[in-house]
Amino acid sequence: MRMIDQTALPTRLTYVTYRTPEEVAQAIRTMVVRGAPAIGVAAAMGIALAAVRSKASRLPDLLKEMDASAALLRGTRPTAVNLFWGIDRVLNKAMNASSVRAAKEAAAAEVIAMADEDVEVNRSLGKEGAGLIRDGDTILTQCNAGALATVGYGTVLGVVRAAVEQGKLVKVLVPETRPALQGARLTAFELVHDRIACTLISDTAVGYMMSLGRVDRAIVGADRITRDGYVFNKIGTYQEAVLAKRHGIPFHSAAPKSTFDLARTHEQVTIEERGAEEVFEIRGKRIAPRGVPVANPAFDMTPPELVTSIITERGLVKTPLEENIARLMS
Ligand code: MRU
């Protein structure tokens, strides 16, 4: 499995190769690969690697090994539902096979299909979302929901790319997204690379930019959207949504069907708490005194009343979200 090392961006564009599920799990945990759809496919590849490397001669033994790798991968990051979706898709294929060889082939074929599908889904989602964007709009985002966060093209940046492909002038306002700086490092990297107009701002500038009339629409990604219409996404999303409401700015989440979790309501989701060093350091340099207590929730939760609509590959999910999410997934 070969992928970009996202921790090295934007300074270096390097690729890493992984051969075992343990290596893939470590890459997800340390955010070498991050973004809900990307970690879903990466985890699925981890399971497929477990299958193809296995020396088991009996199907139940192979499945047991795959289950052990699945447990390891499930323990990496708790919030993005795509991780669990990706793992289950590959496991289900293997469980329905009739021999070791068929299970290995099915696991490998499924993960390749998932990777191709992801790009197609993002292209459809991009087209659906681009319809919302007017020529000259400035779009505010959060974190990175681009090609890097998916297999390719992106969800939020897929919408932006599709609008640009339609000949619209679009500008993206990119909050840096402390503490891991996915906005400054990754979204800015993608947009500069594609020559799409963008301006980097500090997270604390969001409200003021809105008050100046410099935001036409906010579009953020999602790690999980529960059946009651709550959007879990990178920390900072919730305050963006509250500010958007205050200023009468439409606020959307862009997410594929694989990010919806019909089995849960918002109370049942675990928000990942990451290491304190992400907050007391910036790129390895300490910025806070030793001994200061730190809280580092990696995600937050935006209630449905702050969300104008959700952009999916099947079109817009409008309010009331709860009712229309059920319809989308049926
Ligand atoms: O911690 P991260 O970088 O994995 O968080 C990513 C996000 O919050 C994205 O907005 C989300 O996964 C959607 S990516 C298409």
Side-chain angles (χ1 to χ4, degrees), residues 3-7 9 27-43 76-86 115 117-119 121-126 129 139-162 172 174-190 203 218-225 230-241 251-261 269-275 278-279 296-302 307 310-313:
M3 59 185 164
I4 292 174
D5 178 357
Q6 298 193 38
T7 61
L9 285 171
I28 294 172
R29 210 175 281 121
T30 56
M31 304 214 289
V32 166
V33 58
R34 36 64 51 204
I39 64 176
V41 176
T76 52
R77 299 193 72 189
T79 310
V81 76
N82 305 59
L83 180 88
F84 307 92
W85 164 89
E117 252 172 49
D118 182 75
V119 181
V121 159
N122 293 335
R123 285 196 181 272
S124 308
L125 184 155
I139 309 298
L140 173 73
T141 187
Q142 174 69 347
C143 193
N144 171 268
L148 290 164
T150 59
V151 178
Y153 202 67
T155 54
V156 175
L157 294 193
V159 172
V160 170
R161 287 189 169 102
V172 185
V174 183
E176 56 182 348
T177 316
R178 275 281 286 150
L181 298 171
Q182 293 93 330
R185 296 189 303 105
L186 308 177
T187 299
F189 174 81
E190 284 194 38
D203 297 328
I219 312 181
V220 302
D223 282 78
R224 190 186 295 246
I225 300 173
Y230 282 70
V231 174
F232 289 78
N233 192 50
K234 179 54 52 195
I235 193 76
T237 299
Y238 170 62
Q239 62 200 31
E240 227 176 70
F251 181 91
H252 311 267
S253 177
K257 278 180 68 187
S258 52
T259 299
F260 287 79
D261 181 1
V269 177
T270 305
I271 298 244
E272 179 184 8
E273 181 77 28
R274 291 186 64 85
E278 286 187 353
V279 177
N296 185 16
F299 300 95
D300 61 26
M301 173 179 94
T302 299
V307 180
I310 303 172
I311 307 162
T312 78
E313 68 271 36

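Indexing begins at 1, ligand by ligand and atom by atom, following the structure's order. For the single chain, residues carry numbers from 1 onward in sequence order.
Taking 4.5 Å as the limit, some side-chain heavy atom of Leu9 sits within range of a side-chain heavy atom of Leu148. Annotation: side chain of Thr237 is in contact with side chain of Phe251 (closest heavy-atom distance under 4.5 Å). Inter-residue side-chain proximity for Gln182 and Arg34 is flagged as met; some heavy-atom pair is nearer than 4.5 Å.
Ligand 1 lies out of reach of Gln142, whose nearest heavy atom is not under 4.0 Å from it. Within the structure, the closest approach of Cys143 to ligand 1 falls below 4.0 Å when heavy atoms are considered. A heavy-atom separation below 4.0 Å is not found between Ala80 and ligand 1.
Of the candidates Arg34, Arg77, Glu272, the one placing a heavy atom closest to atom 6 (C) of ligand 1 is Arg34. Comparing Val231, Thr155, Val33 against atom 15 (C) of ligand 1, the shortest heavy-atom distance belongs to Thr155. Nearest residue to atom 13 (C) of ligand 1 from Gly35, Ala180, Ala149, Ala222 is Ala222 (criterion: closest heavy atom).
With sequence neighbours excluded, no residue satisfies salt bridge (charged side-chain N to carboxylate O under 4.0 Å, His left out) with Glu240. With sequence neighbours left out, Pro78 forms a side chain to side chain contact (heavy atoms under 4.5 Å, CB included) with Thr270, Glu272.
For a threshold of 3.5 Å applied to N or O pairs, the pair formed by Thr150 and ligand 1 contains no separation below that value. Not one N or O of Phe299 is nearer than 3.5 Å to an N or O of ligand 1, by distance alone.
A cation-pi contact, defined as under 6.0 Å to the ring centre and within 45° of the axis, links Arg123 to Tyr153.
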